[in-house]
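Any value given below was found using the heavy atoms of this structure, including those in side chains, with hydrogens, waters and symmetry copies removed. Sequential numbering from 1 along the given sequence is applied to the chain's residues. Please read these numbers as outputs of a predicted model, since none were measured by experiment.
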Amino acid sequence: MDHKQVATDVIKALHQDNIIAAAHCATRLRLVLKDDSKVDQTALDNNPGVKGTFKTNGQYQIIIGPGDVNNVYDEMIKQTGLSEASTDELKQVAAKGKRFNPVMAFIKLLSDIFVPIIPALVAGGLLMALNNFLTSEGLFGPKALVTTYPAIKGISDMIQVMSAAPFIFMPILVGISAANRFGANRFLGAAVGMIMTTPGLVEGKYWDILGMHVSQNNYQYQVIPVLAAVYILSVLEKWLHKKLPAAVDFTFTPLISLMVTGFLTFIIVGPVMRGLSDAITAGIVWLYDTLGFVGTGIFGLLYSPIVLTGLHQAFPAIETQLIAAFTQNHTGYGDFIFVVASMANVAQGAACFAIFVLTKNKKVKGLASSATVSACLGITEPALFGVNLKYRFPFFCALIGSAVASAIAGLTHVIAVSLGSAAFLGFLSINAKSIPIYIVCELISFAIAFVLTFLYGKKNAHLIDPVPVSGATDQAQVDKKAVEVAKKQLSLNDEVIVAPIAGQAESLSKVNDKVFSAKLMGDGVAIVPENGDIFAPVSGEITVTYDDSKHAYGFKSDDGAEVLLHIGIDTVELKGKFFETSVAQGQRVTKGQKIGSFDLAGVKQAGYDPTVMLVVTNTADYASVDRINVEAVKPGEKVVSVTAR
């Protein structure tokens, strides 16, 4: 990469006088601009040195890649005369003039708490859906399967117990996750959830406490009350840790924190928050009842833009209340939010698939194909950020498909009775009698989004595959580039990359960072760590280290893979606190060699996500880069395989 030229091109696209401040992390330039609308987005999209761009938290971020980003940043500083800034300083600059938004802060809070427990809710939801198949009349005949085949009734009853557990005892799951988010002891958070759901609580009975009648409310299925309770727990616990002597802190801090929180919860916090929770759910149902299919159509039009803001992370808290009311008390309308989300996700997948069909660019085809599959399984971030928003028109075509399908679903009263995969597989969560019309609505959403995107893209082909700038078609340059690519591919071999850390392996698409989740840097694997010991994932040379932050490493393996190891999300802001490294740039390492460590508890306590991302940054040079399907991994175990062309 010609770092000087890339820096020059970036400055020209941004307009030098439009740049207020600049910093960088392991993979991207982080910029604060006066006016984002002045950016020449087309020039950046067509620049081979730029892997992608996006805006977040007042920053305009340009993805360059590990190693190269340092040099491009240095050239930018030289050419613009800007002062070098840390990411922390940049955040302060971006925050100037911005008002605190309590609604967005609450939404982010819900997101941080709910994302970790969604797998448990999805598993319970799919089990609930399976039980619906077994017990619903009219689905496979006039009688339910358990009636026709009494031998499976025991299986159905067992599935019912397993499916209900995550929702009945959801306050325990929320208690653990909320305690982690608020900085309290996770097991005390779980204990609060247990207290609020213990079978000893009997609705309608009271405790007599100093003349007060305190209701023995059971908070099964509830979310907001336990959030408030665990927040109080966290405040008490932190205060007591500071005030009590070390000799008694270990014993009395948990005791006092839990007891005071329990009393406050049952006397004040629980009843108030339960009323608030019920009011929010009732309000959502009222809107659905009042606006009907028009409301679901508007919701379908707006759902994907809501995803862009992150507001959708708040929906599970409402959906669980809708499901509980429908399945337990047979009131309300069930979960219509899930239905709308499914229509929106499928539409974005269809629009992305249309780009796959239209484009001649192999890199875009590869991204669009994987993003389409992901979206049709309920995860839209790769399609949204990697493809549809890049070209813009597919995103808006998908909104139309989503709106029409959501309106039809609302008109025919399609609802979900459990959580699950909000896309084609979502039929497992739908009320059994509505499954056929649900599938029809999904197909309508897909068809409209695909056709609109395809027709518009066909008519405006230059928007998908821009004609190269003058001079770029010079045959000598084309031949030279082809030779360079051929030589590079000849130097690549098949290899297997191993886990750099112990933990739970998962798809990059689940990472709470758009650059990694959309696989803009390349494919690979994410690992939620169990400890802080870091090991080399390949044998080869260390190409990138960060002496200040120590949060990321770059490798060039002996077989040609270029690997980025990124520890945590936004951990560059810690400036090396909690991190140690024992290697340097240019040093040779062997697979499985210990290269550093970090304080996992310290990173979490500081409020940062410690997920470790392992990415093959030259993914495009390979025929395939595949995550090996393993979950719990130890250092040295196979996690990613790469196949040369």
Side-chain angles (χ1 to χ4, degrees), residues 25-27 65-70 491-506 508 511 516 521-569 571-572 574-603 610-619 621-622 625-628 630-644:
C25 59
T27 59
D68 292 317
V69 70
N70 306 52
S491 67
L492 300 177
N493 297 305
D494 295 356
E495 66 176 302
V496 175
I497 299 169
V498 301
I501 196 167
Q504 290 290 319
E506 60 183 29
L508 279 176
V511 172
F516 294 108
M521 289 299 307
D523 212 338
V525 67
I527 300 176
V528 180
E530 292 178 357
N531 58 56
D533 294 327
I534 306 291
F535 301 86
V538 295
S539 294
E541 180 186 350
I542 291 185
T543 56
V544 178
T545 57
Y546 291 85
D547 296 334
D548 294 332
S549 61
K550 305 171 187 174
H551 76 297
Y553 301 86
F555 303 85
K556 179 66 177 288
S557 81
D558 293 337
D559 288 310
E562 296 173 9
V563 179
L564 169 66
L565 179 59
H566 197 287
I567 306 162
I569 296 173
T571 45
V572 64
L574 292 171
K575 301 178 182 178
K577 186 179 180 182
F578 307 121
F579 290 84
E580 294 293 338
T581 184
S582 56
V583 292
Q585 186 172 341
Q587 182 176 333
R588 178 172 176 75
V589 293
T590 57
K591 189 181 291 186
Q593 175 183 335
K594 187 171 181 179
I595 59 174
S597 63
F598 69 102
D599 181 351
L600 177 60
V603 170
T611 301
V612 174
M613 283 71 68
L614 187 152
V615 179
V616 180
T617 57
N618 60 337
T619 291
D621 296 332
Y622 287 93
V625 174
D626 300 304
R627 175 195 160 208
I628 296 173
V630 291
E631 294 183 358
V633 296
K634 295 179 181 179
E637 292 187 352
K638 300 174 181 178
V639 288
V640 173
S641 66
V642 295
T643 305

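From Ser597, atom OG reaches atom CZ of Phe578 across 13.0 Å, with rounding to the nearest 0.5 Å. Atom CG of residue Leu564 and atom CG of residue Leu614 lie 8.0 Å apart, to the nearest 0.5 angstrom.
Here the side chain of Ser539 pairs a donor or acceptor atom with the backbone of Lys591 at under 3.5 angstrom. A donor-acceptor contact shorter than 3.5 Å links the side chain of Thr617 to the backbone of Glu562. In this structure a side-chain-to-backbone donor-acceptor pair under 3.5 Å is present from Thr619 to Asp523. Under the 3.5 Å distance criterion, the side-chain polar atoms of Asp626 are left unmatched by any main-chain donor or acceptor of Thr643. In terms of modelled atom types and a separation under 3.5 Å, the side chain of Tyr553 and the main chain of Ala536 share no donor-acceptor contact. When atom types are taken as modelled, the side chain of Gln585 and the backbone of Thr543 share a donor-acceptor pair closer than 3.5 angstrom.
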**OP:** Show your working on side-chain contact (heavy atoms from CB on, under 4.5 Å) between Leu508 and Val615 and close with a plain yes or no.
**Re:** CA-CA 9 Å; Leu508 279 176; Val615 179; 4.1 Å; yes
Original post:
Under the side-chain contact (heavy atoms from CB on, under 4.5 Å) criterion, do Asp494 and Asp559 qualify, and how do the steps go?
Top reply: CA-CA 7 Å; Asp494 295 356; Asp559 288 310; over 6 Å; no
Subject >> Pair Ile534-Phe579, side-chain contact (heavy atoms from CB on, under 4.5 Å): steps then yes or no >> reply: CA-CA 10 Å; Ile534 306 291; Phe579 290 84; over 6 Å; no
**OP:** Check the pair Tyr546, Asn70 against side-chain contact (heavy atoms from CB on, under 4.5 Å), reporting the backbone distance first and the verdict last.
**Re:** CA-CA 10 Å; Tyr546 291 85; Asn70 306 52; 3.4 Å; yes
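Contact check for Phe598 versus Leu574: no side-chain heavy atoms found under the 4.5 Å cut-off. The shortest distance between side-chain heavy atoms of Ile567 and Pro529 does not fall below 4.5 Å. Ile595 places a side-chain heavy atom less than 4.5 Å from the side chain of Phe555. Side-chain contact between Glu637 and Val630 is absent, with no heavy atoms from C-beta onward closer than 4.5 Å. Two residues are said to be in side-chain contact when any heavy atoms from C-beta on lie closer than 4.5 Å; Val511 and Ile569 meet this criterion.
Taking each heavy atom of Gly568 and Met613 in turn, the nearest pair found is O-CE, 3.5 Å. The minimum heavy-atom distance between Phe535 and Gly592, with the atom names listed, is CD2-O, 3.3 Å. Scanning all heavy atoms of the two residues, the minimum distance from Gly586 to Glu541 falls at CA-OE2, 3.7 Å. Closest approach of Pro610 and Val603 over heavy atoms only: CB-CG1, 4.2 Å. Nearest approach of Ala502 to Asn531, heavy atoms of both residues: CB-ND2, 3.9 Å. Contact detail for Val525 and Ala505: the closest heavy-atom pair is CG2-CB, 4.1 Å.
Between His551 and His566, the ring-plane angle classifies as perpendicular under the 30° and 60° cut-offs.
Partners of Lys638 under the side chain to side chain contact (heavy atoms under 4.5 Å, CB included) rule, at least two apart in sequence or in another chain, are Val496, Ile628.
Salt bridge present: Asp558 and Arg588 bring a charged side-chain N and a carboxylate O closer than 4.0 Å.
The one candidate from Pro500, Pro537, Ser557 that meets the side-chain contact (heavy atoms from CB on, under 4.5 Å) condition with Val563 is Pro537.
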